[in-house]
Amino acid sequence: MTYTYAIEVEDLTLAYEEKPVLWDIDLHVPEGILMAIMGPNGAGKTTLIKSILGLLTPAAGTVRIYGRPYREQRHLVAYVPQRGSVDWDFPTSVLDVVMMGRYGSLGWLRRPGLKERELALEALNKVDMSHLAHRQISQLSGGQQQRTFLARALVQDARVYFMDEPFQGVDATTERAIVDLLKELRAQGKTVVAVHHDLQTVPEYFDWVTLINVHRIASGPVVEVFTEDNLRLAYGGRVGFLTHSGDDGRER
Amino acid sequence: MTQLQIEIQLIGIVTAVACALPGVFLVLRQVAMMSDAISHTVLLGIVIAFFIAGSLESPLLIVGAAMMGVVTISLVEMLVNTRLVKQDAAIGLVFPALFSVAVILISRYAGNVHLDVDTVLMGELAFAAFDRWQGWGLDLPRSLWLMSVVLLLNGLLIGLFYKELKLATFDTGLAAALGFSSVLIHYGLMTVVSVTAVAAFEAVGSILVVALMIGPPAAAYLLTDRLSHMLGLSGVLAATGAVGGYWMARWLDANIAGSMAVMVGLIFMVSFLLAPRRGLLALVWRRRRQRWEFAQTALTIHLLNHEGKPEAARENRVTHLQEHLRWKKDFAGQVIRRAEAGALVVRKNGYLVLTENGRLLANKAMTH
């Protein structure tokens with residue numbers, strides 16, 4: 001059975017101490033698109049991704065990946081958390097971090113072996129990092145950290161990719177490389193959902209956009225949804241400021 | 001060495017290594033102080049289990065202690081989740097509460113039992129060798145049997161779940177998304193810590209348990225770049241601390257457990273100061289070098305900015321430079337000498353002129 005939607009979210013509500021953080025979110029994301037999740041700080045962008053991935057427990061609503069609950073479809077999903085969410089002083093190498101992407105398909109107890117190593121090296125090659133494979137991760141720049149995380153998502157060989165601010169704090173070359181990679185994923189029929197901040201690059205980087213601010217403002221193809229009116233609804237009066245400078249503020 | 005001496009050292013080594021292995025994950029997960037809390041609250045588990053079993057040798061004691069460890073963590077996390085108390089304060093509230101209940105219970109109802117608070121805190125390694133068990137044709141101290149089993153279990157569990165522990169410690173979010181329950185791993189680790197703490201504290205006391213769980217991993221952390229090496233090195237450093245501490249105790253005629261803790265502390269100090277890349281001295285050395293490099297770069301940029309312009313005659317004069325860059329005279333002199341030695345600048349009748357190297361450095365610094 002084939003499903004037209006890669007991701008279906010219905011009535012997703014998440015509350016924190018009775019205060020809604022996400023209010024009745026509906027999403028229907030077709031396969032093979034690059035979608036940006038946008039909204040002001042505190043709009044719940046990260047929260048939305050985390051509740052789709054079952055990292056947070058929603059108060060109400062359902063999430064389906066290719067027609068089935070996330071729990072049953074883990075193997076189809078790759079996740080790139082915010083770069084700042086881990087301790088980069090952890091004693092390990094770049095290659096080792098990338099191999100972690102294979103842990104899910106290995107399951108409990110099974111150790112990564114030669115195959116995992118080769119897949120990891122291949123992915124590092126794709127993000128132009130193979131020369132740094134054995135480097136201690138604390139010695140990486142921000143862009144290299146992000147590439148490492150992307151390589152880790154690539155080895156998961158998923159069909160749906162969730163990325164939390166993949167462009168946050170990276171240099172222009174890395175941003176370019178990431179965009180190329182996303183487009184390559186799309187060409188393979190994969191679906192990418194990314195939390196994004198820079199309004200200016202949306203039409204160039206993404207096909208779809210979902211605007212949220214606690215509740216869903218709009219979701220659909222960029223040409224239809226990415227309008228001045230919708231942006232004003234999502235960002236309020238701050239939209240003028242945002243279109244001119246971009247926003248690299250981090251969500252808490 | 002007599003057999004007794006060897007046995008005491010063996011107990012020390014096995015205990016130290018058994019503590020250091022789970023300690024690595026406590027240090028990396030930044031919950032080191034949990035070991036302090038657990039090593040104290042397990043006493044309550046022991047006391048309650050003792051009242052039920054009526055014996056200090058019952059395996060129920062270890063079960064009780066392990067359960068109390070988990071209770072401790074749950075209570076701390078419940079407090080933290082209310083967001084009314086921060087984690088360090090929550091630890092500081094929970095463990096004295098449980099520990100004091102244990103102390104009161106002991107003093108009130110178990111006064112005549114060999115379960116005095118001093119032993120709990122300090123341990124009595126010197127006497128540990130007298131309490132013996134026979135098995136497999138071997139006649140060895142009970143503590144040695146017990147700690148060997150714990151060491152074996154710890155090694156086995158960490159070996160089996162190495163991948164899961166590594167992932168959940170480095171990236172909890174991904175671990176959970178991939179279906180490795182972070183809660184399960186966390187509580188599993190804490191149960192291991194509790195069992196280790198209760199087994200170890202009979203021999204070495206609860207304070208030394210903390211030293212052995214945190215000291216060797218903290219030292220190893222500064223010395224390696226890989227988790228597997230950190231585990232191995234923690235074990236080696238812990239064993240070294242145990243043996244060193246034993247001989248120090250003999251030399252000073254002092255408590256063995258205390259001497260082992262001191263030795264572990266010394267090992268940490270040495271690695272803290274002298275670790276090749278992360279040690280304090282390496283850090284100071286690097287900062288000094290960076291300071292001079294930075295000053296020289298600033299000098300070349302300043303010279304480049306005014307090079308070939310009318311004001312160059314004023315700005316790039318050696319004597320003027322000190323006032324202009326707001327550098328003290330000695331410092332400016334040193335920077336210029338170093339820049340000259342590094343062939344970044346040359347002196348031409350009272351002016352500083354950039355060499356090709358110096359120009360390159362300045363350009364590179366500005367375009368970076």
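As the structure is a prediction and not an experimental result, all values here were calculated from the model. Lettering of chains follows the sequences in order, A, B, ..., and the numbering in each one begins at 1.
- For A/Trp23, the CH2 atom counts as loosely surrounded, since its 6.0 Å shell holds 12 or fewer non-hydrogen atoms of other residues, nucleotides or ligands.
- Smallest separation of non-hydrogen atoms from B/Phe170 and A/Asp87: CE1-O, 3.5 Å.
- More than 12 heavy atoms of other residues, nucleotides or ligands lie within 6.0 Å of NZ in A/Lys190, so this atom counts as buried by the packing criterion.
- For a residue to count as touching a neighbouring chain, one of its non-hydrogen atoms must lie under 4.5 Å from one of that chain's; by this rule A/Phe162 does not touch chain B.
- Heavy atoms closer than 4.5 Å to chain B are found in the side chain of A/Arg152, but not in its backbone.
- Interatomic distance, A/Phe90 CZ to B/Arg226 CZ, rounded to the nearest 0.5 Å: 11.5 Å.
- Taking a cutoff of 4.0 Å between a charged side-chain nitrogen and a carboxylate oxygen, B/Lys166 and A/Asp96 qualify as a salt bridge.
- For residues 102-115 of chain A, a heavy-atom distance under 4.5 Å to chain B picks out A/Tyr103, A/Gly104, A/Leu106, A/Gly107, A/Trp108, A/Leu109, A/Arg110, A/Arg111, A/Pro112, given by residue number.
- Residues B/Leu178 and A/Met100 share a closest heavy-atom pair of CD1-O, 3.7 Å.
- No other option in B/Asp171, B/Leu227, B/Leu160 has as many heavy-atom pairs under 4.5 Å with chain A as B/Asp171.
- Using a 4.5 Å cut-off between non-hydrogen atoms, the part of residues 263-285 of chain B that approaches chain A consists of B/Arg277, B/Arg278.
- The shortest non-hydrogen separation linking A/Pro91 to B/Met230 is CG-SD, 3.8 Å.
- Taking both residues in full, the closest heavy atoms of B/Ala177 and A/Leu55 are given as N-CD2, 3.5 Å, listed atom of the first, atom of the second, then distance.
- Residues that satisfy the side chain to side chain contact (heavy atoms under 4.5 Å, CB included) test with A/Val21, not counting sequence neighbours, are A/Leu14, A/Tyr16, A/Thr47.
- Legend: side chain to side chain donor-acceptor pair (under 3.5 Å) pairs involving residues 172-183 of chain B, not counting sequence neighbours: none detected.
- Taking CG of B/Leu174 as the reference point, atom CD of A/Gln156 lies at 5.5 Å (rounded to 0.5 Å).
- A donor-acceptor pair is defined here as one N or O able to donate and one able to accept, closer than 3.5 Å; no such pair exists between the side chain of A/Tyr79 and the backbone of B/Gly173.
- Neither the backbone nor the side chain of A/Val77 comes within contact range of chain B, judged by heavy atoms closer than 4.5 Å.
- For B/Leu223, no part sits under 4.5 Å from any heavy atom of chain A, backbone or side chain.
- Among all heavy-atom pairs drawn from B/Ala176 and A/Arg74, the shortest one is O-NH1, 3.5 Å.
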